[in-house]
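Atom set for the values below is all heavy atoms of this structure, side chains included, hydrogens, waters and symmetry mates excluded. Start at 1 with the first residue, then count along the sequence. Whatever order the structure lists ligands and atoms in, that order sets their numbers, starting from 1.
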Amino acid sequence: MDPNRLAVRMFSDTGNIRKSALPASAPPIIVWFREDLRLSDNPALHAAVRQERPIVCLYIHMNGENAGRPLGGASQWWLDKSLKAFSRDIEQLGGQLTVQAGDGSACLDRVIDETGADTVYWNRRYAAAERDADAEIKAHLKDRGIDAESFNARLLVEPWVLKTGSGGFYKVFTPFWKALRACYEAPAALPRPKSLTGPAPETLRIDDLGLHPEKPDWSTGFDAIWSPGETGALNRLNAFLDGPVEAYPEERDHPGKEDGTSGLSPHLRFGEIGPAQIWRTVTSAMEAGRISEDGGWKFLSEIVWREFSYVLLYYRPDLAEANYNSDFDHMPWRTDEPALKAWQTGQTGYPIVDAGMRQLWETGWMHNRVRMIVASFLTKHLLLNWQNGEAWFWDTLVDADPASNPASWQWTAGSGADAAPYFRVFNPITQGQKFDADGAYVRRWCPEIAGLPDKHLHSPWTADEQTLSRAGITLGEDYPCPLVDHKSARERALEAYETLKSQRTNA
Ligand SMILES: Cc1cc2nc3c(=O)[nH]c(=O)nc-3n(C[C@H](O)[C@H](O)[C@H](O)COP(=O)(O)OP(=O)(O)OC[C@H]3O[C@@H](n4cnc5c(N)ncnc54)[C@H](O)[C@@H]3O)c2cc1C
């Protein structure tokens, strides 16, 4: 393209046409946004802005062979809103979010041809398919004489940086956390650009991507809870540090407490906020005495669980498909479609499990403690392969993450790195009694049993006829009878585990 055409027409959100103030001779830089939908503290964007050249903000909705794992429905809902918020933020700075769909290289080629850009910057991704795609695209761009550079916006420390004493990667969380805490210092904050000007190539509308669910639109419960986008992310972090962080070490395990945890996971997933921003803000608040060390460090240690999951994903790219511990390849998993369906729809007859699965369906999110309980229930009480649960979470979570989801499922199932031992079977009754003692969580998500006294709320089948009838419940009609008996299901799981052990001994 003729570089003189770079004094391109730009359309603001109000439809006004302005001339670029930048020299017509400077070729633009394309910033290719992917899982980093933010303007502040964005290394690729910052590197482009520093060059004082026209900038093309590009998002490619990739499909085809090298597109990686297709997003689930709830994540697509989030992405739709996140892209819209990001596009509005860019327009306020005078720019345009250019949206393309298709093969990554082909879309980049089109935008390069249209704008005369000679440079592409992006922030790195870590799942195998995405890494392969990025390497291929980088090689293709270099062949075309286009400069391509990548940066880290997604992790505190990239997976290859921290090594154990013997030079391997960390497979156990605690030493990883200690090593990271000892050496990590957040880099200086990168400012939000003051303006974003450059060519405005042809673009799809975000609605053209068809990300919002239709027929049926199951997302009505999502809007009340979530504000996707950078502003929503920063508001959540600030609100959390303004109070709830103090009680976090104790309250984070109580699902009935609405602000017991930060709710930042989907914002982190789509890069509306980065972990370095969180680290910097939390450590500054601790240094200034604005928040306690107990709350601050506990919160940061959870952020580092996410980092640890990325280490596992990087070194075990098949984390979502294969047992990390191959002993589990011999696990005698069952196939039981009706049981899987009952679990998915919150109809197992175990109130804490059902509450969690309904919260997930209604809001696209589930409390961490309850994620562990429902995952344990699926893999141990029902003896169904963890991959069934991982896939369901992938489709229904707004924070479905290529690293944290499979790593956490394998952790709970016992097949993962640094995993909970298989023989630790979460008891859904005592877990409910301990972490939802006042029943607030179960009563909210299983209203049909709300009238039961606390004593029977987590095990409705232990209530006598009179108590059930006072609460207006006929078991098996208003609320299911338990799908399995806890004690015998636990024994069946332990027996299955014994077969694994004997396979290992015989091998
Ligand atoms: C079976 C199972 C599946 C999970 N799938 C996902 C997933 O797809 N995406 C996801 O982000 N988290 C996943 N988690 C981890 C955890 O449940 C969520 O990160 C957490 O509930 C998010 O809520 P929050 O932002 O309020 O967490 P907070 O307690 O406020 O924690 C702050 C942040 O730290 C990170 N974090 C906290 N706990 C963990 C953890 N155990 N592992 C990894 N990162 C953590 C998250 O980024 C989180 O946003 C899963 C856990 C289990 C047991």
Side-chain angles (χ1 to χ4, degrees), residues 35 69 71-72 74-75 78 127 154-156 173 176-177 225-226 232-233 236-237 239-241 244-245 247-255 257-275 277-279 281-282 295-313 319-320 343 353 356-357 359-360 363-380 386-420 426 431:
E35 298 177 323
R69 190 175 183 183
L71 289 185
S75 297
W78 189 283
R154 194 160 181 74
L155 295 173
L156 299 171
F173 174 74
F176 176 74
W177 159 234
I225 299 175
W226 302 113
R236 268 218 184 241
L237 177 62
F240 181 67
L241 296 184
V245 68
Y248 182 74
E250 300 81 43
E251 299 286 14
R252 59 182 288 275
D253 267 325
H254 296 279
K257 177 104 176 74
E258 297 242 328
D259 58 1
T261 67
S262 71
L264 277 167
S265 50
H267 298 286
L268 275 160
R269 165 69 181 93
F270 289 93
E272 299 163 0
I273 191 166
Q277 282 171 292
I278 295 178
W279 188 280
T281 313
V282 172
W297 284 119
K298 183 66 195 162
F299 180 55
L300 290 178
S301 75
E302 295 302 321
I303 296 286
V304 172
W305 267 105
R306 176 176 171 275
E307 302 276 319
F308 181 60
S309 302
Y310 271 89
V311 171
L312 300 179
L313 176 68
L319 199 62
W343 177 82
V353 175
M357 298 309 293
Q359 179 184 34
L360 173 61
T363 68
W365 184 88
M366 192 196 298
H367 189 277
N368 180 59
R369 166 63 46 184
V370 192
R371 291 188 202 202
M372 291 191 287
I373 297 170
V374 304
S376 174
F377 190 86
L378 183 83
T379 53
K380 297 176 187 179
W386 60 265
Q387 290 175 25
N388 291 294
E390 200 275 342
W392 182 253
F393 270 32
W394 182 260
D395 195 30
T396 52
L397 277 172
V398 284
D399 64 23
D401 185 276
S404 300
N405 196 40
S408 304
W409 269 97
Q410 295 227 38
W411 182 90
T412 320
S415 62
D418 195 11
F426 277 61
Q431 286 281 313

Asp399 with Arg306: basic N within carboxylate O range, under 4.0 Å: no

Atom 30 (O) of ligand 1: the protein heavy-atom neighbour that sits closest, reported with distance to 0.1 Å: Ser262 OG, 2.6 Å

Within-cut-off N or O pair, Glu302 and ligand 1, under 3.5 Å: yes

Reported OG1-to-NZ distance for the pair Thr412 and Lys380, which is rounded to 0.5 angstrom: 7.5 Å

Cation-pi, Trp394 ring and Arg69 (6.0 angstrom, 45 degrees): yes

Met372 neighbourhood, listing ligand 1 atoms whose heavy-atom distance to it stays under 4.0 Å: 53 (C)

Smallest separation among heavy atoms of Trp343 and Val374, with atom names: NE1-O, 3.1 Å

Heavy-atom closest pair, residues Ser301 and Phe173: O-CZ, 3.5 Å

Heavy-atom side-chain contact between Trp411 and Met372 under 4.5 Å: yes

Non-hydrogen side-chain atoms of Glu302 and Arg252 separated by less than 4.5 Å: yes

Residues Arg369 and Asp253 bridged, charged N to O under 4.0 Å: yes

Nearest-option assignment for atom 8 (O) of ligand 1, heavy atoms, candidates Asp401, Ile273, Leu264, Asp253: Asp401

Taking atom 1 (C) of ligand 1 as the reference point, the nearest protein heavy atom with its distance: Trp409 NE1, 3.6 Å

Under 3.5 Å: N/O of Ala375 near N/O of ligand 1: no

Straight-line distance of Leu378 CG to Ile373 CD1, nearest 0.5 Å: 14.0 Å

Ligand 1 atoms in contact with Ala400 (distance to a heavy atom under 4.0 Å): 8 (O)

Per-atom contacts, ligand 1 versus Tyr248 - under 4.0 Å to a heavy atom: 28 (P), 29 (O), 31 (O)

Ligand-side contact atoms (ligand 1) for residue partner Leu268, heavy atom cut-off under 4.0 Å: 47 (O), 49 (O)

Ligand 1 to Thr412 polar contact by distance, N or O atoms, under 3.5 Å: no

Parallel, tilted or perpendicular: rings of Trp226 and His267 (30°, 60°): perpendicular

From Asn405 atom CG to Gln410 atom CD, the distance as rounded to the nearest 0.5 Å: 10.5 Å

Residue Arg306 vicinity, atoms of ligand 1 by number, heavy atom under 4.0 Å: 43 (C), 44 (N), 47 (O)

Ile303 and ligand 1 - part of the residue with a heavy-atom distance under 4.0 Å: both

Atom 48 (C) of ligand 1 - nearest protein heavy atom and its distance: Ser265 CB, 4.2 Å

Check: Phe240 and Tyr248 side chains under 4.5 Å, non-hydrogen atoms: yes

Identity and distance of the protein heavy atom lying nearest atom 6 (C) of ligand 1: Arg371 NH1, 3.3 Å

Identity and distance of the protein heavy atom lying nearest atom 40 (C) of ligand 1: Trp305 CB, 3.7 Å

Atom 50 (C) of ligand 1 - nearest protein heavy atom and its distance: Ser408 OG, 3.4 Å

Residue part near ligand 1, for Leu397, under 4.0 Å between non-hydrogen atoms: side chain

Closest approach of Asp401 to Ser404 (non-hydrogen atoms, all atoms of both residues): OD1-N, 2.9 Å

Proximal atoms of ligand 1 relative to Trp365 (non-hydrogen, under 4.0 Å): 22 (C), 23 (O), 26 (O)

Protein contact to atom 5 (N) of ligand 1 [nearest heavy atom, distance to 0.1 Å]: Asn405 OD1, 3.1 Å

Taking atom 32 (C) of ligand 1 as the reference point, the nearest protein heavy atom with its distance: Phe299 CE1, 3.5 Å

Contact partition for Phe308 relative to ligand 1, non-hydrogen atoms under 4.0 Å: neither

Short N or O distance, Arg252 and ligand 1, threshold 3.5 Å exclusive: no

